[in-house]
Amino acid sequence: MTEEKTEYSISDLAKEFGITSRSIRHYEDEKLITPTRRGVHRIYNNRDRVRLQLILRGKRLGFSLAEIKEIIDLYGMEGEEKQTKRLLELITVRRESLNQQLKDIKYLLKEFDVLEAKLNAEK
DNA sequence: ATTCTAACA
DNA sequence: TGTTAGGA
């Protein structure tokens, strides 16, 4: 019976997720996590750990902390459908942004081809 | 040893 | 986000 911990220090989580404690404190400043305190020290529970996981996943998907906060804050609330709806909207926005970046990159690459050709041609 | 806040050559 | 100073 492996008892699951109920408390974590900031370094425990930093180590577990491969980030710095600085980042974790920053997410707290942005109101994405609200660990309890034992004196001035932060104490994280499983729930905080899950939220941190969600934050990191959101970041991997390219969402801003503000957007991630929006989604996370919607969880547990009444209209759980609201959460899904909002997430879908953010995905759409993110997709548009990525498509635009893709276009920009393709354009740039094409432009480099032209420039490169000219430079090679002129002697 | 660890963590905390505040601040920026 | 890094990093460092100065405390607890």
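Letters A, B, ... mirror the listed sequences (proteins, then strands); counts begin at 1.
Residue R38(A) is out of contact with every strand shown, counting any heavy-atom pair closer than 4.0 Å.
In terms of position on DNA chain C, the residue among H41(A) and K59(A) whose nearest nucleotide sits closer to the 5' end is K59(A). In this structure, R22(A) and D12(A) both approach DNA chain B, and ranking their closest nucleotides by distance from the 5' end singles out D12(A).
Side-chain atoms of R25(A) and base atoms of dT5(B) include no donor and acceptor less than 3.5 Å apart.
Within the 4.5 Å cutoff, no side-chain heavy atoms of D12(A) are placed close to those of Y44(A). Side-chain contact check for H26(A) versus R22(A): some heavy-atom pair is nearer than 4.5 Å. At least one side-chain heavy atom of Q53(A) sits less than 4.5 Å from a side-chain heavy atom of F17(A).
Residue R42(A) places at least one side-chain N or O under 4.0 Å from the OP1 or OP2 atom of dC4(B). Not one side-chain nitrogen or oxygen of S21(A) sits closer than 4.0 Å to the OP1 or OP2 atom of dT2(B). Taking only side-chain nitrogens and oxygens, K15(A) never comes nearer than 4.0 Å to OP1 or OP2 of dT2(B). Contact check, S23(A) against dT1(C): a side-chain N or O comes under 4.0 Å of OP1 or OP2.
By the criterion of side-chain heavy atoms lying less than 4.5 angstrom apart, applied directly or through intervening Ile, Leu, Val, Met, Phe, Trp or Tyr residues, L54(A) is not grouped with Y75(A); the two fall into different hydrophobic clusters.
Look at CG on L32(A): it is 11 Å from P on dT1(C), rounded to the nearest Å. We find that OH of Y44(A) is positioned 10 Å from C1' of dT3(B), with the value rounded to whole Å. Between the CG atom of L56(A) and the C1' atom of dT1(C) there is a distance of 14 Å, given to the nearest Å. For L13(A) and dT3(B), the CG to C1' distance is 13 Å, given to the nearest whole Å. What separates CD1 of I10(A) from P of dT1(C) is a distance of 13 Å, to the nearest Å. Nucleotide dT5(B) holds its C1' atom 10 Å from the CG atom of D29(A), rounded to whole Å. For I55(A) and dT1(C), the CD1 to C1' distance is 15 Å, given to the nearest whole Å. For H26(A) and dA6(B), the NE2 to P distance is 15 Å, given to the nearest whole Å.
When both pairing distances are held under 3.5 Å, dA1(B) makes no Watson-Crick or G-U pair with any nucleotide shown. Look at dG2(C): its Watson-Crick or wobble partner, with both distances under 3.5 angstrom, is dC8(B).
Set against dT3(B), dA7(B), dT5(B), the side chain of S11(A) has dT3(B) as its closest nucleotide.
One C1' atom belongs to dT2(B), the other to dG6(C), and the distance between them is 15 Å to the nearest Å.
More than 12 heavy atoms of other residues, nucleotides or ligands shown are found within 6.0 angstrom of CZ on R37(A).
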